Amino acid sequence: MNFKDEKVIKTDVLVIGSGGAGLRAALEARAYGAEVYLIDKVVLATNNSTRYSGGGFKAALPGILSDAYTKVFATPKQHFEAALLHGEYLNDQFLVETLCYEAPARILELQEFGVEHVGELYLKLPYPHGTGLVKPLLKAVKEAGCKTRAGLVVADLLVEGGTVRGVMAVDIYTGSLFTFRAGATVLASGGAGEVYKRNDTSANTTGDGFALAYRAGAELRDMEIIQFEPYVQAEPGLPMMDRHECEAEFYGILRNRKGEDFLPKYLPGGDELDAFHKQFGTHLTDIREMVARSMAMEVHAGRGDGEAVLFDLTSVPPGKWDADIASVYTRNVLLRGFDVDKKPVRVFPGAICNLGGVAIDVDCRTSLKGLFAAGEVTGGVHGAARLGGDALADIFVFGARAGRSAALYAGSNGVPPGEIPVEAEIRNRLVEILNRTLKSKGDPHTIKEAIKETMWRNVGLLRRGEGLDQALTDLGELKEKSLPHLFSRSIRELKYALEAESMLTVAEMIACSANRREESRGAHYRLDHPYRDDRSWLKNIFIRREGDRMALLERPVALLRSKPGPISKFRLEVKAL
Amino acid sequence: MKVIITINREKCTRCGFCVDACPIPCLFIDEEKNEIVVKDEHLCLVCRNCEEEASRKDCIKVDFPY
């Protein structure tokens with residue numbers, strides 16, 4: 001089997017991904033006069049994390065953003081301090097500063113692109129709330145004159161002498177092979193929730209961008225930090241999904257198998273509670289890491305209901321289920337007939353967001369020339385834990401910056417004139433996958449399942465040295481024994497094969513850096529190193545490819561704007577068991 | 001209450017847009033038979049992406065009263 005035909009496209013700026021970051025980058029690059037091509041591996045602006053997000057922003061916009069579900073700060077400075085405190089100082093402080101000071105403008109500006117109900121999407125729009133963001137932005141992108149194409153799965157970045165000069169992508173709908181020769185490439189391809197068996201992200205979040213950047217030689221950082229959403233349903237027969245900004249949820253109580261309300265045991269109480277809320281806000285979206293870990297702790301201690309805990313919604317006051325759109329959706333669709341008035345529903349955390357990723361500077365430049373990145377695929381903005389609403393602020397702030405930088409770079413460096421030497425190599429690799437003899441262990445779906453299973457078992461919420469070693473052994477085995485047999489029965493299936501390849505690389509990066517970080521910080525929790533260790537670990541772990549080897553580099557965090565004070569006592573420690 | 005996803009085989013062009021639009025995914029392409037298969041209907045989020053993105057009108061339908 002071979003490709004139907006080959007096409008070459010030249011453009012100033014190529015944007016990979018049609019989530020919020022990609023769409024915003026395309027708009028900005030176009031505004032700077034660049035010719036822009038926006039591609040997505042599936043249908044445009046449909047199946048991405050922006051669309052399935054709760055639609056809530058975090059920014060210093062009091063009076064405009066609703067503070068029903070997330071704390072709204074009065075000034076960018078307050079936002080900055082909270083983000084650092086919450087991220088436990090792993091953040092790149094310049095990135096956080098940029099985020100906090102630019103977010104208000106970038107969010108208000110969305111109205112110019114036709115976004116309505118900014119700041120209260122989840123109160124006004126039916127599920128999925130993020131539709132109100134991506135659909136108007138896609139329309140604006142098309143109206144601005146950007147070219148778009150769906151169904152293009154990027155196989156590799158075209159690197160020539162350390163500079164990214166475009167990509168090679170497979171059109172899964174027509175069977176053509178596309179070569180994009182681009183002046184600048186913007187990576188806005190999102191996260192990798194899918195490397196975990198339990199996740200509440202779209203099945204397309206396979207971390208392709210992380211793997212592409214890694215293979216091209218770019219640096220990635222903080223890959224060990226994965227945020228888990230606590231209230232993801234674990235009831236057989238019900239969708240594995242959390243309840244976004246649903247008012248009725250606030251009346252729910254988490255219980256263990258014995259029926260005990262266990263959360264207060266882990267979270268601070270009494271006077272401490274006030275200080276805690278002052279610091280982190282009163283809202284669940286801001287303390288997700290702690291709630292998720294409490295749940296995992298209960299299950300670890302053998303007090304869970306199987307591999308889940310019970311979410312008791314029997315005391316939701318009558319009428320609250322009709323209070324907002326999200327509650328109605330939760331009751332009718334997510335719970336569909338499950339009688340929550342009589343019995344508790346099983347819930348357990350699932351992966352929601354990668355906080356690490358491609359290392360960028362404030363202008364979204366990566367360590368490779370010609371490659372820019374924005375959104376969940378980047379690292380450093382959120383540090384070790386993320387405030388609720390910061391992710392959506394992040395994609396629009398850095399999406400716009402990436403678009404601008406890419407347009408300016410392409411303007412001064414031009415579009416590559418001729419063929420790039422690596423093209424033939426990439427083409428051969430793809431044709432080889434398409435023509436392999438079918439062996440069961442090379443099935444992309446089987447490989448994906450194996451990765452998801454070992455990552456969930458060993459690199460999940462509670463990590464320990466032996467588990468991480470086990471994960472690395474399992475992943476190494478898959479890489480050695482299954483990857484050489486990876487096949488695809490059709491060009492359509494090549495999407496899954498390339499995803500399996502990406503997932504394996506991403507999983508290895510996560511497990512390697514989690515193994516290296518011998519402390520607990522933010523969303524990263526080690527049972528064998530349960531304390532935060534500022535003396536040895538106020539460092540970021542960077543990953544870079546050196547030949548076939550994954551090189552890990554530790555670099556101290558640059559504490560240029562703010563330094564950590566005494567470690568907050570509001571941390572979950574293993575003694576609580 | 002059950003979600004029922006129906007594919008109109010006569011109208012289906014096997015473009016696969018519905019499969020790609022599904023976040024779960026509840027839909028798969030059976031490579032051997034070359035047809036779209038509904039799997040795990042109980043996991044459907046009723047986001048109706050498949051209906052919106054389908055290349056032909058009414059080739060797929062999500063039935064759920066809500």
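We use all heavy atoms of the structure for the numbers below, so side chains are in, but hydrogens, waters and symmetry mates are not. Note that the structure is a prediction, hence the values are computed from the model and not measured. Every chain is numbered from 1 and lettered A, B, ... according to where its sequence line falls, protein lines coming before strand lines.
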Pairs of heavy atoms under 4.5 Å with chain A: top-ranked of V3(B), L43(B), N34(B): L43(B)
CD (E31(B)) with more than 12 external heavy atoms under 6.0 Å: yes
Rounded distance (nearest 0.5 Å) linking atom CZ of F64(B) with atom CG of N332(A): 7.0 Å
Chain A interface, residue from C47(B), C26(B), A21(B), C15(B) that has the most non-hydrogen pairs under 4.5 Å: A21(B)
Distance-minimising heavy-atom pair for Y52(A) and N49(B): OH-ND2, 2.6 Å
Under 4.5 Å from any heavy atom of chain A - which part of E32(B): side chain
Rounded distance [0.5 Å steps], CD in E52(B) versus OG1 in T46(A): 7.5 Å
Gap between atom CD1 of I29(B) and atom OG of S490(A) - 0.5 Å precision: 7.5 Å
Interchain contact, T201(A) with chain B, by part (heavy-atom threshold 4.5 Å): backbone
Closest non-hydrogen atom pair, V19(B) against Y496(A): CG1-OH, 3.8 Å
Considering all heavy atoms, the nearest H42(B)-R336(A) contact: O-NH1, 2.7 Å
Minimum heavy-atom distance between L45(B) and Y329(A), given as atom pair plus value: O-OH, 2.6 Å
Chi angles and distances behind the side-chain contact (heavy atoms from CB on, under 4.5 Å) call for K495(A), D20(B): CA-CA 10 Å; K495(A) 169 176 179 268; D20(B) 292 332; 4.1 Å; yes
Within 45° cone and under 6.0 Å: R48(B) NZ/CZ vs Y127(A) ring: no
Structural part of I24(B) lying under 4.5 Å from a heavy atom of chain A: backbone
Largest heavy-atom contact set with chain B, pairs under 4.5 Å, which of R489(A), E194(A), M240(A), R492(A): R492(A)
Contacting region of C22(B) [heavy-atom separation from chain A under 4.5 Å]: backbone
